[in-house]
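Only one structure is covered here, and it is reproduced in the block below.
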Amino acid sequence: MASKAAGAVSLIRDFAADVQALSRLVEEVEAFAGANGVEPGFAQRVSLAIDELITNIILYASRDGGPVPVHLEVHCDPAEVRVVIEHSGAAFDPFVEAPVPDTSLPLTERPIGGLGVFLVRSLMSDTRYERVGDRNRVILTRTLDG
Amino acid sequence: MNVSEATKDGVLVLSPAGRIDTRTASDFEQAVMARVTGPDAATRIVMNFEGLDYINSTGMRVLLILAKTLSKASGKLVLCSMKDHIFEVFKISGFNQILTITPTEEEALSRF
């Protein structure tokens, strides 16, 4: 579903997040952004950021091992791409609670994992978290001017 | 995602193609780690990323495990032919400091 409103084009998806659905969705977001004038480099950054955050939801927010219902919005306009990701569950602000990796450590001392949220921060212009009722909402913005 | 392999000048060349994401990272991990364990374990590996379109942190985790495994075995891992958008993510992560990355496979093989 793509809709036009106030100069923005939006992709809105409600889906049961598992690794198959996520894999398809990430490719869909990249194609959607590309089809709406977002340069490939920016489209890839946005789709990777979405991939990392929903991967964490799948790995850590699944209570009984089943897919987690996730709401995703991707809004493209000529100046920026804005992403909203929502899911219900225990409050978790990834931008506060995920440890920041030390990317200067040598190979033998680098811990395995923990890169996902760091990549999201690095790839996006702005990252925000809100707790809305019983839901976690993350808002990502990627400006398209460089 | 699939991983093809070849041996060149005594170096194992692994070439993953397609997308390494949260769905395919475990297949990638199994394919790669099978080549560095057991009696026929390889210790000299080039990972050619020419056919790789996408990798997320779950795939990068596998590369870190592989690099650590080879380092402990006094072996060596060299990555090559990485697309620009993938190299950007490796730079952000500091992987360009801890892994050897070359522009071409020929150059990668010359590092052994």
Query raised in the report: Is the CD atom of B:Glu107 crowded by more than 12 outside heavy atoms at less than 6.0 Å?
Result: yes
Query raised in the report: How many angstroms lie between atom CZ of B:Phe28 and atom CG of B:Leu52, to the nearest 0.5 angstrom?
Result: 7.5 Å
Report task. Could you give me the CA-CA distance, side-chain angles and deciding distance for B:Val46 and B:Lys8, then say whether side-chain contact (heavy atoms from CB on, under 4.5 Å) is met? Result -> CA-CA 10 Å; B:Val46 164; B:Lys8 296 177 185 174; over 6 Å; no
Query raised in the report: Of the backbone (N, CA, C, O) and the side chain (C-beta and beyond), which part of A:Leu105 lies under 4.5 Å from a heavy atom of chain B, both, or neither?
Result: backbone
Report summary line: A:Ala43 and A:Val38 have their tightest heavy-atom pair at N-CG1, 3.6 Å
Query raised in the report: Which atom pair, heavy atoms only, marks the closest approach of B:Asn48 to B:Pro16?
Result: O-CD, 3.4 Å
Donor-acceptor pairs under 3.5 Å, chain B to chain A, main chain and side chains both?
{"residue": "B:Asp21", "atom": "OD2", "partner": "A:Ser23", "partner atom": "OG", "Å": "2.6"}
{"residue": "B:Thr22", "atom": "OG1", "partner": "A:Thr55", "partner atom": "OG1", "Å": "2.6"}
{"residue": "B:Arg23", "atom": "NE", "partner": "A:Ser23", "partner atom": "OG", "Å": "3.3"}
{"residue": "B:Tyr54", "atom": "OH", "partner": "A:Asp51", "partner atom": "OD2", "Å": "2.6"}
{"residue": "B:Asn56", "atom": "ND2", "partner": "A:Asp51", "partner atom": "OD2", "Å": "3.0"}
{"residue": "B:Ser57", "atom": "N", "partner": "A:Glu52", "partner atom": "OE2", "Å": "2.7"}
{"residue": "B:Ser57", "atom": "OG", "partner": "A:Glu52", "partner atom": "OE1", "Å": "2.5"}
{"residue": "B:Ser57", "atom": "OG", "partner": "A:Glu52", "partner atom": "OE2", "Å": "3.3"}
{"residue": "B:Lys68", "atom": "NZ", "partner": "A:Leu107", "partner atom": "O", "Å": "3.1"}
{"residue": "B:Lys68", "atom": "NZ", "partner": "A:Thr108", "partner atom": "O", "Å": "3.4"}
{"residue": "B:Lys68", "atom": "NZ", "partner": "A:Arg110", "partner atom": "O", "Å": "2.6"}
{"residue": "B:Ser93", "atom": "O", "partner": "A:Arg110", "partner atom": "NH1", "Å": "3.0"}
{"residue": "B:Ser93", "atom": "O", "partner": "A:Arg110", "partner atom": "NH2", "Å": "3.0"}

Query raised in the report: So which of A:Leu119, A:Ile112, A:Leu115 has the biggest tally of heavy-atom pairs under 4.5 Å with chain B?
Result: A:Ile112
Requested in this report: Indicate the atoms forming the closest heavy-atom contact of B:Ile101 with B:Phe90, along with that distance.
Outcome: CD1-CD2, 4.1 Å
Query raised in the report: Do the side chains of A:Phe95 and A:Phe118 join up, straight or via other hydrophobic residues, at under 4.5 Å, putting them in one cluster?
Result: yes
